[in-house]
Each structure stands twice: as structure tokens, then as C-alpha cells.
Amino acid sequence: MATSVVLERSYTELSGTERVLKRNFRDVSLRPDVTPVVGGSKYSECAGGYYYKDSSNLLSATRNRFLHWTSHGDTLELVEDSLDTNLLNNAVRLKIPNCSILPGGVHVCETQSNVIILIVTNQTVHRLVLPHPSRMYRSEIISDNQLQSIFTDIGRINYKDPTNTYVIPAQPGRAQSSNASTAWLSSEGEALFALPSSSGGILVVKMPHFDTDGVVTTTVELKQTSVIKLLTGWMPTAIRGDHGPAHLPVSLAVHCLENDALIFALCQDHKLRMWSYKDQMCLMVSDMLELVPFSKDMRQTPGIGHKLRLAHSTSIGLYLGVYLHTPRQGQFCVFQLITAESNRYSLDHISTIFSNQESLVDFTFTLATTDIWALWLDEENQTIVKHINFEHNQAAQWNHVFINPLPEEELNIGDEQDPRETFLECLFAPGRFTVAALLKTLQIYNRGNGKVPDYSWEEMKKEVTLTVENELHSHLTEYEMSQEEFRQLQVEYWSKFYSCCLQYQEELSRPLALMVHSYTGMVCLLRKAFVSFLAPCSLVDHLYLLPTEHLLTEDESVISDDVDVASDTIFLMHCLRMIGDYISFDLAYLIESACCHQQPPERVAERILEEMIANDVENVMEDIHNKLQDIRNPLQAISNLLREMDYETSADIDQNMDLGQPLNMRMNLSSLYGSSIAASIVCQAVCKISLTRFLICRDLLILQHLLLRMGDVMFAGPGHLLQTQQELIPRTSHMLLSYYVIRWGSQCLASVVPVDTLESNLQHLSVLELSDSPAFTTGSKYISGPQSIVELFFQDVIRKRLSQIFARSSATQTHTPLNWPQLITDIITYLLQHLWPGNPGFLFPECLMRSCQYTQLQEYVRLLQPWCQVNVGSCHFMMGQCYLVMGEGHKALECFCQAASEVEREDFLEKLIHVEEGDTPSSARLQYYNRVLRLLEDMGLPELVIQLATLAITEAADDLTSQAALRTRIFKHYLDLGNNHQAYESMTQIPDHSRQQDCLRQLVVVLCERSQLQDLVEFPYVNLHNEVVSIIESRARAVDLMTHNYYELLYAFHIYRHNYRKAGTVMFEYGMRLGREVRTLRGLQKQVNSYLACLGCLRLIRPEYAWIVQPASGAVYERPGSSPKRTHDGECSPAPRSSQIEILELKDLKKEYILAQTRLTLAQHDSNAAAIAGSSSAEEMVSLLVQAGLFDTAVSLCQTFNLSLVPVFEGLAYKCIKLQNGGEAAQVEAWQWLSANHLSSVVTTKETSATDEAWRLLTSYLEQHKSQNSLYHRCVINKLLSHGVPLPSWLSNSYKMVDSAELLRMYLKHDLLDEAADLVLHYVDAVLGKGHQYFGIEMPLSAVSSLVWLPYSSIDHLLQALEENNNSQHNRDLLDKLKAKLDDYFRQLEASTANLQTIRRS
């Protein structure tokens, strides 16, 4: 078929209904000083629009941007819209009290800096000066998705400025019987308004430039007396003195020249007059009735229904379009204005087109396409729009525009359907009802109580439900009723609400005007509540939708150059229409149900055909049979039809953007058709096309089964029957299903996704590296109304790729004005190619996945899977992703595995298998598995990761690196799940030793953190024993001793394997580090336990092996990966050399244990001493124990380490001294340390004090611990004497028994002359036999006794000291006593010596 003529045929309506819940009009009021006109004319509601001059320029700031308005009474609603961007603050409601805006009384003019709106009312004229869009943005590149409208700052305008408002004077006044007007800007920027005057002329009001001060508005009336005689030879009626109402203009238009303006007036006398404003003369008069057949009756009737339009082109000049309203028919005439010399003008008649419709609402015409567009309302108030080429249409055949029908008056509700859900689905379906209709119905149901609040879309749905349900329950009279009765009531009340909505929808859909762009060819139908766009209809849809009477008279030349092919196509379409008209609702539902429930459509079509034949009571099937016989070659006709409807293409529909294009070109293309309005109309077109094509395929499928029934006689050649059965029917079936899926997508609403959910979804998809694609951007965030998933796809993906359409064009074509019919057709085709299931592109499902539309995506894949053989693996992957999000992980895994077989065959799956930098290349399927594994890990599904990784290992049979990575994954997730034994088994199977060690280290750490130490100890660790020990040792030396128990773990590890020496070594090292690093009570407790455990281990082995190697004293264990130690100059310090190995035997360990136990005892007694005692030596510990009063412990420690007890005795003596000199507080404190020592006996005869107990303890120690030469007595006495404490008698007596001479020397050392003298006196007496037993003398001085001696040197010192200190009588007496005693001693000594000699001689 010839598709080149498609754009000259039918159009279809695409509603640009508002995409927000409620358009927010800002109210502005003008208050001219006028009073209402009593009995004035009531003007009908009117609308109009204006395209910016450069809106067809691809690089313009006003591209695809326009204004439109509606007026009624004193209210004017102005709206600015754009197909490329969503405009903010774009709606204004202007009120002019006491005035009525004239129909067609709004005119828009442009300058370089401003947009000027000129308004004409029945009493006033007004001017609004607004900024031009090109002056509102700094850059010529418009790429934002939201921009400010020119109405943004309209509130700042001074509406009281007299230069912008003018009251029409009473004389000559405006003619109240005519609502014609026009307005324009002069070359000096003056605003001029032309309107009929009450005298029949034209009143022109001139406002000065809005920046001019001090200039007042003026008026001038163009009167008939200024008419000059033209070359035609007629004389104006005004010269003959006829000033009747016949001259009154009913339609005005103006054409601006450089220094003048030509005003055209179509008057009630059916004449067209042209005035020069500059010269204030009528330059031309033309009688329109000369072109009207049977015009005699019209001359007596005023032509109040006539309309005049102008169109100008710089290349061909000025054209006039005139609509002449006649009682019998309407007539359109097109003229060209011909200019001659000396201001002589004439009209060249170009064309006359007749129309049968009478009630013309509006019309316009363009020179670019030489089309007349007309809008009518028929007798049933139905909208009719047609267009015709006024130059090349000899048959005068109007082309149809398929107008959107109103929603059906009654809804068919099946028994299995819920009435509420069915009505809500219809009411809130995209494009079905306007928001205004729903709000007005709610207001009626709420009895008009106040203003309806601004609901969100979901809130409005809830409010509608609540309103109808309340209405239903308020009329219930019975408390009990059957379910069927309640269902009937539901249907009744929902039908009432639906009917009310339908009435408002019909009123709000009333057409008011047409708006046609003179360059782009864009046609808009302005309805009361919204704007519709008219898009070209393809030839296939045109032929199917065309009424039968027009189809049979269709020009065959526009279908094909081959007459037979064109004729066969028309007959085939006629048969399809007959089948479509004959199919009942129930039969049509069967094919819909088959597509939805995955049943073969061809079988259902055959069943439908049988039903149609069986129930054919009107012989419709016979008529179809007869009509089929008129088709010469059915096979070719069907093949041609299928080819025209097929969007499958082998070409690359996503070719790269032409990078040779300038940057501003590419940036501006990125925002083309970026508004929500554009998305709505494009997707409406897709929905309409898919619906029409679905019906065509349905009827064609039934027709082909009918052809099979008729047999070979219906086919032109042999084998055609078999070809139909094997090729055409399956192809038609697939095409039917394809259009069903596309139609479903264009009607399926997208879910509203919270921002945090969307971000979370994108984060998960980032694992697949699909979320950063520049083709995907969230464009739907500006939409609050219902949005289909196809709209979502168009906004997020397709509109970003529209540059591909321009990339196919040459550079010169991209600079030509945008062609709306061609561009919208290309965009719709491009979108359909991306939606076509048979094409390899997979952007639509990918967009749904990115946008978190998983419910819709799941249904989409379900509809495709039984029959679509393209992207099978990708569909499986998408279904798996849906299952994954919905929590059905095992189903998801099954789908992911099914998709693996198609890797490297499909583009989408290929994007998942690219090798990352640094990775080793592996098989494509293995790369796919790795990507899915990352996705499952990110979703937190370790069980599925294990299953898939186990499967993937089979793909990596020869790839040890991949095997190691997969087994590592399995180990990790088994470990995360707490399956320790499976984790261990997986770890042992890792072929890479370094990975295995890493996993082993992780196993140790994790099990330690979980305190699952039994598993860790009991694993066999075949060939891994040394590695485990090394790992635990390194961890033990690298982490905090008090928060981790790696040493204890290692101890248990060795004990479990009966390696007691290593176990003992571990615990000894543990104890050493505790003493060095953890100087707390708990650390000391652990140290004691560790040493005790070490002793226990060594006692379990043979004595000759009961030894360990002591770790180096002060050894530092570096953490793995820590930085090396450096000197002050930055150089790495040399590693410490290992000292000589020291062997520790059992006795050495016992000493360490006792020392540790002593430290613990001290810390338990005094917690503040723990930090000091932690690393103290035995000698230091003795001092600390003595200070703390733990003398028993100190004695025990000294005995263990063979230390002197002198510090113990000195310390105890000192404490006795302090107690003796201390007060009550010292006594109380002493009991604490006294209780920590074992007293040999308890005194029960009298009350005892702490001082007494301390002396008793000292006494017991001196008795228990004998020393050579009474060292301990001497040190105690020395301590007492050094502090000036007199010796207790028990102490001096006991020491006299041991070493009286030393006692004398200590007395002398401390200048105790009295005590020394007394000791000498008693000592001499003891030698002489008096009390000798108290000094340890066995026998006193005698001839037969053993030798005795006196400490002569000390006695001499004493005598000398007394002699030197003879100042006192006491000292002189002592000296005399001593000398006397010594003299006595010497006498007895001489006697004893003599006796001894005598005895020896004898």
C-alpha cells in the first residue's frame, strides 16, 4: 500500500486532559469604571488559542509552546501550555466585572520582548503586557523539565493603569447586535482595537505604547463616506446615503503592513469590505453572494452566520477564507488578495467548498498545507471535525477526524465483577473522565456545601467511594437483605453517580474552537475543559474506522497504484468491518479472555466463527461470503495488510545520536516532547492504534478461518490454502497478541512508588550496573494524576531518545520548521517499535524494573511468555526479578537459571556479562551467574546464593579461579547462615590456597565471635593444622586479650588433640601477656588461671618432657598489616634479635604461678595495687605485700624464691611502731591487714588491741623463722631502736639469749647508755653465775666450766662514753657501778684461772 498519503487522510483526536488533579488558576480582577448594560446581549462561551511565532523552530525557547483561553460572561481563563516542558504558574482567571467578553475578543500579539494580550468586552478594551518566554531564560538551551510561565508575575501588573484600559465611548459607541472584533499592534507598538460601531462603521481604538507617558487613548470611526470609487465601477451605498444595518460587520480581520493595517469586514449584507486604517478609506468591496448558487433568497436575509479568516505567507501573499452560512448548506470560499497600482485591490477566487452541516462552530485554514479545518455540532450535539484541501480536491470530499466518543452510557457488569471496582476503574481510567467532571459531581452529591478541597488522586478515589456508599446506606430501609439485592442497590447508586459524571463530562467536552498552526500543521480542538490534539491516522486504521458508505467510495489511488490491489484492500476491509459489526459483546469477550488467559487465539477465533454461523439469522455470513468472492487475491491482500500493521524490524532502531550535531541542537532535542501533555497524547495514540489493530487482527483471524472453510475455491493459486493455514494464521495470531499486550500496557496504571522504595530498588539494580544508564531518568515526578506504564516508559526512556528521529534526517531538515503530522507519526512509530514484542529491544521491561513497577512487569512477562520467542531469556530474568522483589526467592532462582541458556543471544543479557577490570575472563554463562549471585547477595538471600553457586561450579569445571571464587561464596554464606560444618566442607574444597587461608581465618574469627568454639576445635583440619594454629596465634597476638579468647581457644585446640606441651606453652604466653598488658584484677585472675592450666598440662606428661620454651621477655607481637616501627630519623628500626632460648621446667612454672597468685592476693586486698603488682618481680612484690600488711603472703613468697625475710620483719616492726604511736583510726585500719595474716594463738583472757596483735604476730614470726646469728631479731631491734622505741622486754630477753654482745653494740649505736650499762651489769652477773640461763650461758665462770668471754671492746666504748658524759650524777654512778662490777669480774676471773692452772698441773 502507498503510505505516503497517510498524512493527507483521516485524523484522530488525542485528549490533552490535565495531568494534575486540579488546575490552579490565579484570580486577577480588572475593575473598569462602568455599569452593567441593562438588557445587553448574552454572549456564548468562546475559546481561542495562539501559537508563538517561533514555536515551529527546533532551537527556539517557544518551541511547541502555545496559549489558549476560554471566555464566558465577565471571566477569561488564560492558560499557557507546552509539549516540551511542564510550565509552572501557567493558568490565570481574569475577571472584568460589569462587562462581557466578546466571542473572539481575545487577541495575542508578540514583540521581541513582550507578549501582549488585547481584550475586547462589550464596554471596554484592555491590554496585558507580559514578558516574552525568550527573555525569561538566560540560555538558549532549554532542557529543564519545569519552567516558569509568562503568567508567573502577572500579579505585579498595575491593572489600574489608564494607559492599558479604555472604556468605549457612547458616541459613536459599539454596535450591540454584532460581536465582531479584531486587534493588532502597530509598527510603533501601539495597540489598536477594531469593532463595529453603532452607526454601521468600524470603530478603532488606539492605545499608545505601554511605555509612553502622557499620551491618551484615541478613537476613530471608519465611515462609509471615505469610500473611493474602484475600478469595478460600482459606487458604495454610503455615497447614495444608505446607512442601514446591512453594513454592520459580522466578522472582522486585520492584516498588518509596514506602515498601515488592512481591516477586512464581512458584513450583514453579504459583502466583504477592506479598509485602510492609515488612509481611513474603504479600498475594496466584494459581493460574496456572487459565488453562492440560489442566492436570491439570501439577499433579503442578513448574513449573521458568516465568518472570515485570514492567512498570510511571505511567498504567496494574503489569502482570505470566508464561510457563508446559507439555509441549505454551508459554503467555504478561499480568495487571494491581488494588489494593483494606486491602491487598487481585487480578490482572486481560489476555491469553493460546500458542506452539508449547518451549525458551524469554528473554522480556519492554512497555506502551508492548503487545508480548511472546520468544526460543527450536529443535531444530536455530537462533535464533527473535518478537513479538506481547497486546492487539490476536485471531488470536494472531506477527510474525517475520528472524535473521541463519550464514555458509554451504561456499563456492562458481569456476575463475577464487583460493581464498585468496575465503576471506579472506569471513572478513574486515564483519559476517560476529566477531574473537573468528578469534582463537580462530588460537589453535587455534597449538596454544594462549600468548596471541594484539593484531593490527591487516591484521596479523590476514596472520597468518591465514600460518597456513593454513604448515599447507598442512607437510603437503606431494611436491615437484612440478600446479597443479590444489595448488589442491585450497588449497581443502582453507582450508576446514578456515573450518569451524573457523564453529564458533566459531556458538558465539559463541548467543542468551542479550532487552533491550527500555520507552519507545523498542529491542529488543536479547544473544548470547554481541556485541549485535544488531532494526530494523523494511518491508512489501515483510516480504512477500518471509516464509515461503510465512505469506505466504498474511497479513492483507490491513495491506497495503491495497482487498481486490483487497492480494490482487494477495500473489499477486505469491508469484510472485516462486517465481521466486527456482527460480533456480539459475549463473543468479543471470548477473544479478550483468550489473550489474557494464554489460550491460543486461533482456536477461539474458530469457535467464534462457528457461533456466528450457527446464529446467523440475518444472513450476515452469507453477505460476507459473497463479498469475499469479490477479492481477486485474498492471500496477497491479507499479506499486505499484515505487513502494514507489523512493527517488527531488523534494523537498529536505536542508532547513535549524530555527534556532529551542535551541542545546543542536542541539548534542545533532549527536552523535545518532555511535558506530561506530550506523554499523554503520544500514549493515547498508541492506545488507540493498538485497540484498532487488535480489532482488525481479531476480525482478520476469523476471516481467515472462514476462508479455510470455503476451501481452495477462494484462493487464486495452488498452495495458498496451506500457506494461509501455516503462515498467515499464526502470524495474525501473534500480531493480535502483540497489540493486546501493547493495549494492556497503555491502559495499565503505574503504581505510585515512595521515593525511599525507588532509591532502594535502584541501589539493588546498581549491582547489575543497569541503574546508571543515561537513557533512564525519572521524568514522572511532576505527575500527580494517573499514568499508564507506557506513559512512564515514554517519559523516562523514549523521549530521551527522540534525537534518533532527527539523526536519521539530514542537517538541513533539522533546521526546517517542525512538521507536527510527520513528527508525531514518527514518534508514535518509534514508541511502538520499542513496545513491539517481536523486536529485540528490551527497554520497556527494563524501564518497568527500574521504576519499581514489578506487579505490572510480572503481568507483562506473563502475557508474553507462552507465544513470544524473542527475548525469552530476558523475560525469564525479569520474571525472576519480580519474584525476587515479591519475596518468592526459589521461584526467582528457577527463572534466573532458565534465563542462563539465552546468554550471549540477547542484548539485555549481554549487558550483564561484561568482564570487570582485573577479573579473569570466563565463560559468558559463568559471568551471568556471577552477576545474579551479586544480586542475590545484595537482596540478602544466602540460601539462593548457595544453590546458584553450586550450579555455577558445573560451568567452571576447568576454571580453577572461578571455582575458587564460587566455593568461597558458598563458604561465606554457609558461615553466615550458621551452618558451620557445611562451611568447613566448602572451605576444604577451595582449590586456591590463598583463598582457602582467607576463608579459614574468617571461619576462626566468626566462630570465635559467635562463641561456637566447640565446632572450631573439633573440625579435623586435614592438612590445615599448622595454618589453623598460625591463624589463631596471630589473632591471639593481634587483638585485645580481655575481649577475645583466642589463647583459651588455642589451649582447647591443643588439649583436644592431646598436645599438652603446646597447650601449656600457649597458656604460659597468655599469662605473660596478661601480666604485661592487663594490669587489672580480672587480668591477674586470668593470669593465675593460665599459669595453673600450664602447670596442669605439664603434669600430664612424662617428667622428662615436662618443660616449655619461655617466650622472649617483653616480646612484641605485631598485628598483621601494621606499619613497621621506625626510629626518630624515619628509618625502619631493626627487628629485635632473638635472645638465648630459656627452658622452663615444672618448678620454674610453679614459681611463676605462686608469684602470680601473690599478685592476685595483693590486688584482691587492695584494688589500687593491681596496676603496680601486674609486672612486679618477686623482690618488688615482697615490698608491696609488706606495705599492704600481707606478711604471711610475703613470707611464703620469700620462701618460694629463697629471699631474705628481713624486709618482712622490718616492715612488721615498723607497723608495730606506728600502731603504738597511732590513734584510734590507725587501730581500726590495722585490723584489716591483721585479719589477712594467720595468728598462732588467740588471746581469750582479756581484751586485746590491734597493737597487741601486731606485737604478737611479730613475736610468732621471730619464733617460727629462725635465722643464722639472729638476723631477724637484730633487724627488728634495729628498726625499733632507730625509731626511738624502747625494746619490749620479751624482745630484749629473747635476744640476750642469742647475742648479748650484739644487743650491747646496738644500744651503744643508738646512744642508749643506761640500757647498755644495765645490760653489761646483768651480763657480768650472768657470767659470774647469777642468772646465766637468761643469757644463753650454759655454765658460769668457774675453773671447770667452758671458756666465757665479755665484749670488752663494747664495754670499753661504754665506759668511755660514760666518762665523756660525766656531767650528770647518774652517769657517774653508772660508771662507778660498771667499774666495780668489772673489778669484781676480774677478781673472780683471776681466781678461776688460778684454779684452772692448779687443776691442770695436778
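The chain is numbered in sequence order, starting from 1.
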### Task
List for me each residue that meets ring-ring contact (aromatic ring centres under 6.0 Å, His included) alongside Trp820, sequence neighbours excluded, and say none if there are none.
none

### Query
Can you tell me if Ser197 uses its side chain to pair, donor with acceptor, with the backbone of Gly201 under 3.5 Å?
yes

### Summary
Minimal heavy-atom distance between Val34 and Pro97, with the atoms involved, is CG2-O, 4.3 Å

### Task
Say whether, by atom type as modelled, one donor and one acceptor occur between the side chain of Asn114 and the main chain of Val129 under 3.5 angstrom.
no

#### Entry: Shortest non-hydrogen separation from Ala183 to Phe193 and the atoms involved
CB-CD2, 3.9 Å

### Message
In the structure I gave you, are the side-chain heavy atoms of Met522 and Cys524 within less than 4.5 Å of one another anywhere?
### Response
yes

### Heavy-atom neighbours of Glu188 CD exceed 12 at 6.0 Å
yes

### Query
Is it true that atom CG of Asp33 has more than 12 heavy atoms of other residues, nucleotides or ligands lying nearer than 6.0 Å?
no

### Donor-acceptor pair between Thr75 and Lys95 side chains, under 3.5 angstrom
yes

### Task
Please step through side chain to side chain contact (heavy atoms under 4.5 Å, CB included) for the pair Thr520 and Asn819, ending with a clear verdict.
CA-CA 4 Å; Thr520 65; Asn819 186 307; over 6 Å; no

### Query
Do Leu525 and Thr383 come close enough that some side-chain heavy atom pair is under 4.5 Å?
yes

### Task
Nearest 0.5 Å please: distance from the CG atom of Leu534 over to the NE2 atom of His387.
9.0 Å

### Message
Is it true that, when you exclude Ile304 itself, more than 12 heavy atoms of the residues, nucleotides or ligands shown sit nearer than 6.0 Å to its CD1?
### Response
no

### Message
I'd like to know if the side chain of Gln336 and the backbone of Ile316 have a donor-acceptor N/O pair within less than 3.5 Å.
### Response
yes

### Message
Could you tell me if the side chain of Tyr673 sits less than 4.5 Å from the side chain of Leu823, heavy atoms only?
### Response
yes

### Message
Could you check whether any side-chain N or O of Asn86 sits under 3.5 Å from a backbone N or O of Ser676, counting only pairs where one atom can act as donor and the other as acceptor?
### Response
yes

### From Phe390, Phe335, Tyr319, residue fulfilling ring pair (Phe, Tyr, Trp, His ring centres under 6.0 Å) relative to His349
Phe335

### Message
Is it the case that the side chains of Thr124 and Thr121 hold a donor-acceptor pair, with the cut-off being a distance below 3.5 Å and no angle test?
### Response
yes

### Message
Quick one, Ser181 with His107, criterion side chain to side chain contact (heavy atoms under 4.5 Å, CB included). Give me CA distance, side-chain angles, the key distance, then yes/no.
### Response
CA-CA 9 Å; Ser181 69; His107 309 272; 3.6 Å; yes

### Query
Is the closest side-chain heavy-atom distance between Asn57 and Arg63 below 4.5 Å?
no

### Query
Any side-chain donor paired with an acceptor under 3.5 Å for Thr111 and Ser113?
no

### Query
Does a side-chain N-to-carboxylate-O contact under 4.0 Å join Glu110 and Lys53?
no

### Distance-only donor-acceptor check, side chains His517 and Ser55, under 3.5 Å
yes

### Query
Is a side-chain N or O of Asn122 found less than 3.5 angstrom from the main chain of Ser100, in a donor-acceptor match?
yes

### Task
Determine the minimum heavy-atom distance between Thr70 and Ala47, stating which atoms define it.
CG2-CB, 3.9 Å

### Query
Do Met281 and Trp275 come within less than 4.5 Å of each other through their side chains, counting heavy atoms only?
no

### Any donor-acceptor N or O pair under 3.5 Å, side chains Asp269, His247
no

### Query
Any Lys/Arg nitrogen of Lys271 or Asp287 sitting under 4.0 Å from an Asp/Glu carboxylate oxygen of the other?
no

### Message
Evaluate Asp84 against Arg65 for side chain to side chain contact (heavy atoms under 4.5 Å, CB included), listing each step before the verdict.
### Response
CA-CA 8 Å; Asp84 293 343; Arg65 192 161 169 171; over 6 Å; no

### Task
Check the side chains of Asn98 and Gln123 for a donor-acceptor pair under 3.5 angstrom, ignoring hydrogens and angles.
no

#### Entry: OH (Tyr51) with more than 12 external heavy atoms under 6.0 Å
yes

#### Entry: Rounded distance (nearest 0.5 Å) linking atom CG of Asn64 with atom CG of Leu58
9.0 Å

### Query
Quick one: CG on Leu203 to CD on Gln171, what's the gap to the nearest 0.5 Å?
11.0 Å

### Query
Rounded to the nearest 0.5 Å, what separation is found between the CG atom of Leu185 and the NE2 atom of His209?
8.5 Å

#### Entry: Shortest non-hydrogen separation from Gln112 to Arg135 and the atoms involved
O-NE, 3.1 Å

### Message
One pair to check against side chain to side chain donor-acceptor pair (under 3.5 Å): Tyr50 and Glu80. What are the steps and the verdict?
### Response
CA-CA 9 Å; Tyr50 175 77; Glu80 184 183 20; over 6 Å; no

#### Entry: Val120 and Ile101, any side-chain heavy atoms less than 4.5 Å apart
no

### Message
Surrounding NE2 of His72 (heavy atoms of other residues, nucleotides or ligands, distance under 6.0 Å), is the total greater than 12?
### Response
no

### Query
Between the side chains of Thr369 and Thr366, does any donor sit under 3.5 Å from an acceptor?
yes

### Pairing of Arg527 and Glu13 as salt bridge, 4.0 angstrom limit
yes

### Query
Under the 3.5 angstrom rule, does the side chain of Ser251 hit a backbone N or O of Leu308 as a donor-acceptor pair?
yes

#### Entry: Pro249 vs Leu266 side-chain heavy atoms within contact, under 4.5 Å
no

### Message
I'd like to know if the side chain of Thr163 pairs up with that of Asp161 as donor and acceptor (distance under 3.5 Å, no hydrogens or angles considered).
### Response
yes

### Spacing of Arg273 atom CZ and Leu252 atom CG [to the nearest 0.5 Å]
12.0 Å

### Query
With distance as the sole test, does Arg127 use its side chain to make a donor-acceptor pair with the main-chain N or O of Asn164 at under 3.5 Å?
no

## Note on the structure
OG of Ser71 to CD of Glu45, rounded to nearest 0.5 Å, is 7.5 Å

### Message
Whether the Ser276 and Asp260 side chains hold a donor-acceptor pair (N or O, under 3.5 Å, no angle test) is what I'd like checked.
### Response
yes

### Message
For a quick test of reading the model, state the closest non-hydrogen atom pair linking Asn259 to Lys278 and the distance between them.
### Response
O-CD, 3.5 Å

### Task
Take Leu130 and Ile154 through the side chain to side chain contact (heavy atoms under 4.5 Å, CB included) test and state the conclusion after the steps.
CA-CA 7 Å; Leu130 303 170; Ile154 196 170; 4.1 Å; yes

### Query
Do the ring planes of His255 and His312 sit parallel (below 30°), tilted (30 to 60°) or perpendicular (above 60°)?
tilted

### Task
Side-chain contact test, heavy atoms from C-beta onward, threshold under 4.5 Å: evaluate it for Pro162 versus Thr217 and give yes or no.
no

### Query
Between Phe530 and Leu508, what is the shortest heavy-atom contact and its length?
CE2-O, 4.0 Å

### Task
Evaluate the criterion ring pair (Phe, Tyr, Trp, His ring centres under 6.0 Å) for residue pair Phe332 and Phe363; output intermediate values, then yes/no.
CA-CA 9 Å; Phe332 296 89; Phe363 92 97; 5.3 Å; yes

